[in-house]
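All remarks here apply to the structure that follows.
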Protein chains: 2
Amino acid sequence: MASKATSIDIAYRAGVSQSTVSRALRNSPLVNLETRQRIQAIAKEMNYKVDKNASNLRTQNSHTLALLICEDPTNDDSMINPFFLSMLGSITRATAQQGYDLLVSFQQLSSDWHADYEDSNKADGIILLGYGDYMDYAHKLEKLLAQNTHFVIWGAEHNNKSVLSIGCDNHQGGVIATQHMLAQGRKHIAFLGDSSSHSPEFRDRYLGHCEALKEQQIKPNKQLQFDAISTESSGFDAANKLLDKGIEFDAIFAASDLIAIGALRALKKRGVDVPNDVAIIGYDDIPVASFANPSLTTIKQNTQLAGEILVESLLKLIRGQEVAPMLIPTNLVIRHSCGASAD
Amino acid sequence: MASKATSIDIAYRAGVSQSTVSRALRNSPLVNLETRQRIQAIAKEMNYKVDKNASNLRTQNSHTLALLICEDPTNDDSMINPFFLSMLGSITRATAQQGYDLLVSFQQLSSDWHADYEDSNKADGIILLGYGDYMDYAHKLEKLLAQNTHFVIWGAEHNNKSVLSIGCDNHQGGVIATQHMLAQGRKHIAFLGDSSSHSPEFRDRYLGHCEALKEQQIKPNKQLQFDAISTESSGFDAANKLLDKGIEFDAIFAASDLIAIGALRALKKRGVDVPNDVAIIGYDDIPVASFANPSLTTIKQNTQLAGEILVESLLKLIRGQEVAPMLIPTNLVIRHSCGASAD
DNA sequence: CTGAAAGCGCTTACAG
DNA sequence: CTGAAAGCGCTTACAG
């Protein structure tokens with residue numbers, strides 16, 4: 001197979017120097033318009049493309065971002081959290097819109113992901129996504145910071161202020177979910193999800209939940225909180241524990257849709273009617289939420305906007321511009337599991 | 001911020017030449033074991049990483065694959081086909097397992113995606129995924145071929161034998177879906193999905209469907225075939241057309257789960273009971289399939305295996321090894337929309 | 001407006 | 001086993 005054309009080949013064909021070819025292809029006004037167009041035409045005809053390795057090496061930037069999706073090791077290999085998939089879609093689009101390429105990688109939390117991409121000049125910066133145990137990777141973030149890696153992280157605000165975090169307003173989401181349940185006349189609301197600092201996003205949702213309760217002079221009851229990570233089976237288990245406890249409850253606020261769907265399955269199995277006996281609200285609005293039976297009332301995170309902001313913020317960081325952490329507002333999506341009138 | 005360490009910095013610290021550093025880091029047996037280890041230790045300590053742009057430029061390969069997901073322009077921007085998302089996950093994993101990086105990009109069919117990645121040396125090869133109108137991009141494949149780009153395409157077998165295609169056995173999927181419906185006593189089966197050569201995958205499913213009918217001496221009825229692309233709304237529309245026609249039918253074979261779910265919504269709206277009045281089978285087994293109401297019987301494609309085979313085949317192609325197109329068998333997943341006994 | 005030249009950071013024949 | 005040197009294909013000061 002014919003080896004690829006280089007700028008020297010183009011120069012030869014155009015009867016100019018290689019430097020002129022390089023300028024013309026970058027559309028430099030330094031080059032005479034006519035020769036510029038002639039060179040561009042020849043390049044197109046010869047199907048010439050600038051060698052990115054060479055130009056990146058020369059300019060010392062890659063015009064590439066890396067997306068690291070950190071999976072909880074407990075997660076079933078085949079089932080990626082649909083929320084991340086949705087974020088992936090929007091990040092891909094936003095990256096392309098900015099003229100950057102996107103390197104995607106799924107990583108176990110345990111592995112040594114912290115450095116490779118930017119250090120090896122494959123990417124100018126990194127976007128981190130992950131629902132893992134926060135404590136497990138806090139020190140990795142410190143390391144990234146120490147290396148001056150450009151990165152932005154999805155999720156709750158970080159206590160180290162140097163870490164740029166972008167996320168949805170989990171506290172507000174917890175508030176509006178709980179307010180909605182209260183407005184439906186529910187008083188004994190169980191919370192399914194980790195509420196410790198190991199999962200700052202879930203914790204913020206829980207804190208918002210508690211705040212909404214207090215607004216109505218209801219004292220949050222720790223007996224009604226059950227740990228769960230964001231999987232269907234974990235939600236199933238947590239709901240079973242709740243049922244086994246024999247404590248009174250008329251609603252469940254699940255820290256994620258996956259948890260809610262697992263809880264739904266547990267309730268159904270025990271003959272509990274949703275929403276008549278127990279109302280449920282989830283979190284994320286993943287695609288399956290609207291197809292659950294009953295359809296799942298949930299807190300929607302605007303992934304479209306989130307992807308755009310993540311990419312924009314990271315690019316600003318790379319360019320040395322001013323950036324601040326940001327919280328994106330969430331929306332309540334009312335469906336049949338809590339609030340929508342029955343068909 | 002301190003600029004990144006280079007192999008020269010390491011060489012200086014280790015008191016050897018830069019060439020020796022390069023060799024040591026690639027673990028070349030040419031270098032004395034002791035010095036090799038000393039150099040590696042220093043590199044680690046200084047957090048040195050080989051500059052990929054430089055090494056790729058030098059070796060003329062990128063150790064990166066590109067994944068191009070071509071979206072149908074009619075598709076809603078926010079809703080990526082969940083089946084692709086699932087493929088994306090498995091391809092990412094398979095790529096990482098082979099020590100390659102993955103560049104991901106979503107493209108409109110209309111845009112000029114054909115060449116850029118490999119031509120610019122950003123990727124060694126391309127994986128193409130897409131449910132668009134086949135005719136629209138057939139000529140782009142020709143162009144890729146003409147440029148000697150290494151690529152593998154997901155889907156139906158291509159009539160140009162030089163195109164390496166990997167896909168699930170759509171014909172077999174159509175056969176087993178239809179056999180299952182027939183075994184349930186259904187006789188008048190509508191097919192929702194394009195059956196022309198514009199969508200070779202759907203066409204193969206349709207042909208399998210027809211073959212299964214013929215096995216039972218049933219003549220396929222073109223009146224029962226309705227075009228649809230793989231979206232929920234297209235399925236909704238197609239089912240409505242079917243209902244409006246007033247033709248007798250007791251089952252629907254939808255060319256994709258998304259179509260099936262749209263059809264389910266249309267039937268529900270018209271008061272048709274699924275599965276009692278009409279049974280439905282979809283295709284893909286996307287996550288929502290099991291949460292549909294009733295849960296959706298469907299043909300499962302093994303995306304895990306598919307991703308592995310796609311990546312392996314592409315790598316073989318790149319290395320100049322023998323590769324052949326491949327069809328992966330599909331499985332019937334029986335749920336309540338057709339075949340599973342009611343709870 | 002154009003060209004000759006340096007240099008980005010590696011890998012790898014070549015010589016010893 | 002090790003080093004000096006060439007060269008991958010660009011971009012961009014520098015000189016004209």
Side-chain angles (χ1 to χ4, degrees), chain A residues 2-40 42-43 46-64 101 116-124, chain B residues 2-40 42-43 46-64 101 116-124:
Chain A
S3 66
K4 246 157 241 174
T6 72
S7 55
I8 296 196
D9 301 326
I10 312 287
Y12 180 79
R13 281 273 299 263
V16 295
S17 76
Q18 183 267 335
S19 344
T20 301
V21 169
S22 177
R23 289 195 192 92
L25 292 175
R26 323 196 82 239
N27 219 1
S28 160
L30 284 175
V31 178
N32 179 302
L33 183 62
E34 234 173 294
T35 33
R36 214 192 304 165
Q37 290 172 340
R38 190 162 48 88
I39 291 169
Q40 286 171 357
I42 293 173
M46 296 180 73
N47 219 309
Y48 170 78
K49 292 275 156 34
V50 171
D51 185 303
K52 289 285 181 191
N53 289 133
S55 66
N56 290 343
L57 173 59
R58 182 53 229 244
T59 59
Q60 291 295 89
N61 77 357
S62 64
H63 266 253
T64 300
D101 286 319
D116 290 28
Y117 285 112
E118 187 170 342
D119 280 357
S120 59
N121 271 344
K122 289 212 73 163
D124 298 334
Chain B
S3 65
K4 245 155 243 174
T6 71
S7 56
I8 296 198
D9 301 325
I10 312 286
Y12 180 79
R13 280 273 298 266
V16 296
S17 76
Q18 184 267 336
S19 344
T20 302
V21 170
S22 178
R23 289 195 191 94
L25 293 174
R26 324 198 82 239
N27 219 0
S28 159
L30 284 175
V31 178
N32 178 303
L33 182 62
E34 237 174 289
T35 35
R36 214 192 302 167
Q37 288 172 341
R38 189 161 49 86
I39 291 170
Q40 286 171 359
I42 293 173
M46 297 181 72
N47 219 309
Y48 169 79
K49 294 275 157 34
V50 170
D51 185 304
K52 288 286 180 188
N53 289 133
S55 66
N56 290 344
L57 174 59
R58 183 54 230 243
T59 60
Q60 293 293 87
N61 77 354
S62 64
H63 266 254
T64 300
D101 286 319
D116 290 29
Y117 286 112
E118 187 169 341
D119 281 356
S120 60
N121 270 345
K122 288 211 74 163
D124 298 334

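So that the names make sense, note that chain A is the first sequence line, chain B the second, and so on, each numbered from 1. All values derive from a computational prediction rather than experimental measurement.
As a whole-Å value, the separation of A/Arg23 CZ from C/dA5 C1' is 12 Å. Computed from coordinates, the A/Asp9 CG to D/dC8 P distance equals 12 Å when rounded to whole Å. Going from atom CG of A/Asn53 over to atom C1' of C/dT11 covers 14 Å, rounded to whole Å. Summarising the geometry, the separation between CG on B/Leu25 and P on C/dT12 is reported as 13 Å, rounded to the nearest angstrom. Atom CG in B/Asn56 sits roughly 18 Å away from atom P in C/dC8 (whole-Å rounding). One can place CG of B/Asp51 at 17 Å from P of D/dG9, the figure rounded to the nearest angstrom. Following rounding to the nearest Å, B/Lys122 (NZ) and D/dC10 (C1') show an atom-to-atom distance of 15 Å. Look at CD1 on B/Ile39: it is 13 Å from P on C/dC10, rounded to the nearest Å.
Comparing atom distances between the B/Ser7 side chain and each of C/dC10, C/dC8, C/dT2 picks out C/dC10 as nearest. Residue B/Gln60 has its side chain nearest to D/dC8 when only D/dT2, D/dC8, C/dG9 are considered. Here the side chain of B/Ser17 is nearest to one of C/dC10, C/dA4, D/dA4, namely D/dA4. Picking from D/dG9, C/dT2, C/dG3 the nucleotide with the shortest atom distance to the side chain of A/Val31 gives C/dT2. Comparing C/dT11, D/dC10, D/dT2 against the side chain of B/Thr59 picks out C/dT11 as the nearest. The B/Ser22 side chain lies nearest to C/dT12 when the options are D/dA4, C/dT2, C/dT12. In the set D/dT11, C/dC1, C/dT12, the nucleotide with an atom closest to the side chain of A/Arg58 is D/dT11.
Contact annotation: B/Thr20 side-chain N/O to D/dC1 OP1/OP2 distance is not under 4.0 Å. Remark: A/Ser55 is not in phosphate contact with D/dC10, judged by side-chain N or O atoms under 4.0 Å from OP1 or OP2. Close to C/dT2, at under 4.0 Å from its OP1 or OP2, lies no side-chain N or O of A/Gln18.
When each of A/Arg36 and A/Leu57 is assigned the nucleotide of DNA chain C bearing its nearest heavy atom, the one mapping closer to the 5' terminus is A/Arg36.
If you check every strand for non-hydrogen atoms under 4.0 Å, A/Ser19 touches a base. Nucleic acid contact class of B/Arg26 (heavy atoms, under 4.0 Å, all strands): sugar-phosphate only.
The shortest distance between side-chain heavy atoms of B/Arg36 and B/Asn27 falls below 4.5 Å. No side-chain heavy atom of A/Thr35 sits less than 4.5 Å from a side-chain heavy atom of A/Thr20. Here the side chains of A/Gln60 and B/Asp51 are in contact, with some heavy-atom distance below 4.5 Å.
Closest approach of A/Ala14 to A/Ile39, counting heavy atoms only: CB-CG1, 4.1 Å. Taking each heavy atom of A/Ala43 and A/Leu25 in turn, the nearest pair found is CB-CD2, 3.7 Å.
Spacing between D/dT12 and D/dG16 at atom C1', rounded to whole Å, works out to 16 Å. Across D/dC14 and D/dC10, the matching P atoms stand 23 Å from one another, rounded to whole Å.
Side-chain atoms of A/Thr64 and B/Lys122 form a donor-acceptor pair, as typed in the model, at a separation below 3.5 Å.
For D/dG3, the paired nucleotide is C/dC14, the pair qualifying as Watson-Crick or G-U wobble because both relevant distances are below 3.5 Å.
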